[in-house]
Amino acid sequence: MPELPEVEAARRVLEHALDRRIVAVDDTDEWVCRPHRPGEIASVLLGGTLTAAHRRGKSMWCDTRDVHGEEGPALGLHLGMGGRIVVTDADGVRAGGDPRPDRAPRQAGWNRFTVRFDDGGELRLFDKRRLGRVRLDPDIDALGPDAEHITAAQLRERLGRSHAPLKARLLDQKVLAGVGNLLADETLWQARLSPSRPSDELDRSEVNRLHRSLRRALRAATANGGVHTGRVIEHRHADGTCPRCGAPMVHGTVGGRSTWWCGKEQG
DNA sequence: ACTCGTGTTAGCTG
DNA sequence: TCAGCTAACACGAG
């Protein structure tokens with residue numbers, strides 16, 4: 001389920017939907033497409049094309065061109081907790097090397113947003129839980145710097161603004177964009193920092209360590225196929241032990257989210 | 001059967 | 001103003 005590395009993979013799939021003429025749009029899911037009314041998104045896309053696929057943190061958006069070739073509003077896409085982007089060709093074959101069969105016909109009810117192209121292919125947001133989101137001109141500037149590109153200096157300045165627990169700050173998309181619950185636990189474990197440390201109490205070397213750990217965790221997740229491949233992730237359960245020192249993993253709630261940490265190294 | 005959760009956000013409370 | 005809590009979404013896993 002999607003954090004930054006998974007969303008980047010979805011963005012690459014989205015690139016297969018570019019420069020194809022849009023002939024139909026289903027935007028009738030009023031929850032996923034809120035606050036737009038049914039037909040509103042359709043009316044700006046019909047006859048036009050998507051021209052580029054961007055990502056910042058876990059948010060994606062496509063530039064659009066209307067039927068006259070004029071630039072239109074951006075089409076924002078968010079996967080929520082379990083959404084997937086599916087792009088197909090005329091034969092229903094999925095783009096992006098996804099080997100799983102396309103179950104769209106059988107699971108049509110879980111397609112929350114669909115764009116059909118004149119070549120017969122489709123772009124779909126498939127999302128059982130309806131936590132994904134589609135909207136025009138999403139406010140990307142409300143997000144902090146992308147977690148992949150944030151500098152140590154930016155991170156230091158942003159963490160220094162608040163006394164909230166460190167993990168809560170890492171999860172706050174306005175502080176930096178792209179870190180979810182698993183990536184936060186993995187990053188803090190790698191950096192040997194307590195999730196509940198007041199964010200503004202980290203010294204310079206601790207922030208640098210956190211920054212390096214964030215980059216390492218992101219790189220590894222991208223290379224290995226997702227944040228669930230992080231080293232500490234499989235030890236996030238009762239009876240789990242720290243894969244470095246063997247001490248018991250401790251569980252609690254930090255920043256409103258289920259949190260696991262090494263009781264010895266991250267005390 | 002029942003609880004929890006890889007996400008976000010509005011609205012409330014202290 | 002800030003931090004924390006709840007509800008809303010709806011399903012799978014344990």
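Chain naming here is simple, since letters A, B, ... match the order of the sequence lines and numbering starts at 1 in each. This structure is a prediction, so every number in the text was calculated from the model and none was measured. As a basis for the values below, the full set of heavy atoms in this structure was taken, side chains included, without hydrogen atoms, waters or symmetry mates.
- Ring pair A:F126/A:W110 is perpendicular by interplanar angle, where above 60° counts as perpendicular and below 30° as parallel.
- The side chain of A:M81 approaches B:dT6 more closely than any other nucleotide in the set B:dT6, B:dT9, B:dG5.
- Minimum interatomic distance between A:Q154 and A:H149 (heavy atoms only, all atoms of both residues): OE1-O, 4.2 Å.
- Computed from coordinates, the A:K174 NZ to C:dC2 C1' distance equals 11 Å when rounded to whole Å.
- Rounded to a whole Å, the CZ atom of A:R129 is 10 Å from the C1' atom of B:dT6.
- Residue A:R236 places none of its side-chain N or O atoms closer than 4.0 Å to OP1 or OP2 of B:dG5.
- Among the atoms of the strands shown, only primed sugar atoms or phosphate atoms (P, OP1, OP2) are found under 4.0 Å from some heavy atom of A:G180.
- To the nearest angstrom, P of C:dA10 lies 14 Å from CG of A:L125.
- The shortest distance between the side-chain N/O atoms of A:W110 and the OP1/OP2 oxygens of C:dC11 is below 4.0 Å.
- Checking C:dA3, C:dA8, B:dT6 against the side-chain heavy atoms of A:S162 singles out C:dA3 as nearest.
- Within 4.0 Å (heavy atoms only), A:H78 reaches sugar-phosphate atoms of the nucleic acid but no base atom.
- Of the options A:T64, A:T49, A:L123, A:L45, a side chain to side chain contact (heavy atoms under 4.5 Å, CB included) to A:I22 is made by A:L45 and by none of the others.
- Counting to the nearest Å, the C1' atom of B:dG7 and the CG atom of A:L4 are 14 Å from each other.
- Counting non-hydrogen atoms of neighbouring residues, nucleotides and ligands closer than 6.0 angstrom, the CD atom of A:E71 reaches no more than 12 such neighbours.
- Here B:dT6 is the nucleotide among B:dT6, B:dT8, C:dA10 with the atom lying nearest to any side-chain atom of A:N181.
- A:W189 carries A:R244 over the face of its six-membered ring, with the cationic atom under 6.0 Å from the centre and within 45° of the normal.
- Among the atoms of the strands shown, none is found under 4.0 Å from any heavy atom of A:R34.
- Within 4.0 Å of A:E6, counting heavy atoms only, lies no atom of the nucleic acid at all.
- Set against B:dT6, C:dA8, B:dT9, the side chain of A:R257 has B:dT6 as its closest nucleotide.
- Look at A:K128 and you won't find any side-chain N or O under 4.0 angstrom from OP1 or OP2 of C:dA10.
- Between A:Q173 and B:dT8 there is a side-chain N or O to OP1 or OP2 distance below 4.0 Å.
- Of the P atoms belonging to C:dC5 and B:dC4, the separation is 15 Å, rounded to the nearest Å.
- A 3.5 Å limit on both hydrogen-bonding distances identifies B:dC4 as the Watson-Crick or G-U partner of C:dG12.
- Closest to the side chain of A:W31, out of B:dT8, C:dG12, C:dA8, is C:dA8.
- Judged by distance alone, with hydrogens and angles left aside, the side-chain atoms of A:D29 form a donor-acceptor pair with the main-chain N or O of A:W31 at under 3.5 Å.
- Distance A:D185 CG to B:dG7 P: 10 Å, rounded to the nearest Å.
- In this structure, CG of A:D172 is placed 13 Å from P of B:dA10, rounded to the nearest angstrom.
- Listed nucleotides C:dG12, B:dT6, C:dG4 differ in distance to A:A164; the shortest reach to its side chain belongs to C:dG4.
- One interatomic measurement links the two molecules: CG of A:L171 to P of B:dG5, which rounds to 13 Å at whole-angstrom precision.
- Atom CZ in A:R112 sits about 18 Å away from atom P in C:dA8, given to the nearest Å.
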